Amino acid sequence: MKPLRPNRAIAIDGGGIKGVVAARALSALEEYLGIESRKIFDLAAGTSTGAILAAGIGAGLTGAAMHRLYTHLGPAIFKRSWRTWLWPLSRYRYRHEPLERALRQFLGAGVMGDFWDGDAPIDVVMTTFDVVENRTRFIKPWKETYASWPIVKSVLASSSVPTTFPPVEGRYVDGGVGAYANPCYVAAYEARFVLDWDPRDTTLISLGTGRSPHTMDPDDARGMWPWQWLQPVLGAFMQSADDQQVHLVDTFFEGLDFRRFQVDLREPIGMDDVSKMADLTAYGDTLGQMILDDVVDRTVEITALRPRSRR
């Protein structure tokens, strides 16, 4: 692996239980460097499950500890009940309480400002979408608006996927509802224009949680009914938004050591599919090895190919 630069940031995508992939990859990086993530990174940005991991990094949890959190508590958080089967009538599939209890156990009762105070501050940025004001909010420990927000509330606000969990305080839902399911641009902006890091002295590692395979062929598309387009269109929107964030970072932050890592899934895995823990752990091992081998995602390689000047 190429050496990391003096200023180091990490951005972690959303994906529900697929956070197992990123947590496992983090543990591989920690083992390679011989230190925990809290001592590797001074900026951690995350959306949804990425917010859980970013907060965990800020709280000093290791990648291995966060992997255990997902594998041991995932079945309790995504426990099937009447809500799961009748969610159109119940409005959401799962209650917040199991996730909230797990977060309090591992993250404690602190507030966002705690990340910024002390001898070794860390900037932890989470995204959430405010449906009341119809805008994305960027929860940051140094910002007065959010410094007093409990860390657990901030993570829940970023993780409350509509129809899966209820909105937090009736207004905050998953940050991926906006354009930031992949928060790498958020991290790059924070590093350059808020923390005033020189891109030439900065490494930004961006971790995906698995890319679903393309399974549709032309005959499928021709025969689809209107309601059958919802899932493919939503998936295309999410993937396009993710790729756009990568392109923005690659284009507008010249000199930045930007490393985007993503692993291709052999089959789609739902954000609440706890039966795939072993598969997700294996994907995490693959992603971790990609980090150590500097095998960046193909999207970065494609966007880096710019046309020659006509002059």
Side-chain angles (χ1 to χ4, degrees), residues 1-2 4 9-33 37 40-41 44-54 56-57 62-64 66-71 74 176 180-185 187 203-216 234-247 249-250 257-304:
M1 188 179 75
K2 293 182 297 184
L4 303 177
I10 188 167
I12 307 174
D13 291 12
I17 198 62
K18 291 184 287 187
V20 169
V21 176
R24 187 73 169 185
L26 276 175
S27 65
L29 177 62
E30 291 174 337
E31 183 177 357
Y32 176 80
L33 296 176
S37 294
I40 300 173
F41 303 106
T47 293
S48 195
T49 201
I52 297 176
L53 295 169
I57 291 172
T62 64
M66 290 188 283
H67 179 260
R68 289 193 297 271
L69 168 65
Y70 277 87
T71 56
Y180 301 102
N182 172 359
C184 63
Y185 179 80
T203 293
L204 170 57
I205 291 178
S206 172
L207 297 183
T209 55
R211 180 190 291 110
S212 294
H214 299 290
T215 57
M216 185 181 296
L234 181 60
F237 166 78
M238 295 293 289
Q239 186 60 57
S240 295
D242 288 354
D243 292 343
Q244 181 188 53
Q245 304 308 307
V246 172
H247 179 68
V249 174
D250 188 56
D257 176 22
F258 176 47
R259 310 181 194 182
R260 168 68 175 175
F261 300 101
Q262 178 67 289
V263 62
D264 291 315
L265 305 181
R266 292 183 296 274
E267 60 182 358
I269 297 178
M271 63 155 292
D272 60 347
D273 192 350
V274 295
S275 70
K276 300 293 186 180
M277 290 292 191
D279 291 338
L280 292 171
T281 297
Y283 284 125
D285 290 336
T286 299
L287 189 66
Q289 194 59 51
M290 292 170 72
I291 296 173
L292 303 186
D293 293 339
D294 289 317
V295 181
V296 297
D297 186 46
R298 63 175 182 268
T299 303
V300 178
E301 295 174 341
I302 292 171
T303 58

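Values below: every heavy atom of this structure, side chains too, minus hydrogens, waters and symmetry copies. What you see is a predicted model; the values in this text were computed from it and never measured.
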Please list every donor-acceptor pair under 3.5 Å in which a side-chain atom of residues 16-27 meets a protein atom from a residue at least two apart or in another chain.
residue: Arg24; atom: NE; partner: Asp285; partner atom: OD1; Å: 2.6
residue: Ser27; atom: OG; partner: Arg24; partner atom: O; Å: 2.5

Holding to side chain to side chain donor-acceptor pair (under 3.5 Å), I want the full list of residues that pass it with Thr281, two or more places apart in sequence or in another chain.
His67
Spacing of Met66 atom CE and Ser37 atom OG [to the nearest 0.5 Å]:
5.5 Å
Side-chain heavy atoms of Phe261 within contact of Asp297, under 4.5 Å
no
Residues that Thr62 engages under side chain to side chain contact (heavy atoms under 4.5 Å, CB included), provided they are two or more places apart:
Glu30, Glu36, Ala64, Ala65
About how many Å separate CG of Leu33 and CD1 of Ile40, when rounded to the nearest 0.5 Å?
4.5 Å
Looking at Asp250 and Arg260, is any side-chain nitrogen of the basic one under 4.0 Å from a carboxylate oxygen of the acidic one?
no
Whether Gln262 side chain and Gly210 backbone form a donor-acceptor pair below 3.5 Å
yes
Salt bridge (Lys or Arg N to Asp or Glu O under 4.0 Å) partners of Asp257, counting only residues at least two apart:
Lys2, Arg259
What is the minimum heavy-atom distance between Pro183 and Gly46, and which atoms define it?
CG-CA, 3.9 Å
With sequence neighbours excluded, tell me which residues meet side chain to side chain donor-acceptor pair (under 3.5 Å) with Gln289.
Asp293
For Tyr185, ring-ring contact (aromatic ring centres under 6.0 Å, His included) partners two or more places apart
Phe253
Do Phe258 and Val296 come close enough that some side-chain heavy atom pair is under 4.5 Å?
no
Distance (rounded to the nearest 0.5 Å) between Glu267 CD and Asp273 CG
8.5 Å
Look up atom CG in Leu280 and atom CG in Leu287, then write down how far apart they are to the nearest 0.5 Å.
11.5 Å
With sequence neighbours excluded, residues passing side chain to side chain donor-acceptor pair (under 3.5 Å) with Asn182
none
Can you list the residues that meet the side chain to side chain donor-acceptor pair (under 3.5 Å) rule with Asp294, with sequence neighbours excluded?
none
Is any side-chain heavy atom of Tyr70 closer than 4.5 Å to a side-chain heavy atom of Ile52?
yes
Heavy-atom closest pair, residues Gly208 and Asp13
CA-OD2, 3.5 Å
Enter the distance from Gln244:CD to Cys184:SG here, rounded to the nearest 0.5 Å.
10.0 Å
Within the distance-only criterion (no hydrogens, no angle test), does the side chain of Thr209 pair as donor or acceptor with the backbone N or O of Gly14 below 3.5 angstrom?
yes
Check Pro268 against Ser212 and note the closest heavy-atom contact, atom names and distance.
CA-OG, 4.1 Å
Could you walk me through whether Ile269 and Tyr283 pass side chain to side chain contact (heavy atoms under 4.5 Å, CB included), step by step?
CA-CA 12 Å; Ile269 297 178; Tyr283 284 125; 4.1 Å; yes
Show your reasoning for whether side chain to side chain contact (heavy atoms under 4.5 Å, CB included) applies to Leu53 and Ile10.
CA-CA 10 Å; Leu53 295 169; Ile10 188 167; over 6 Å; no
First locate atom CG of Asp264, then atom CZ of Arg211, and finally report the distance between them rounded to the nearest 0.5 Å.
4.5 Å
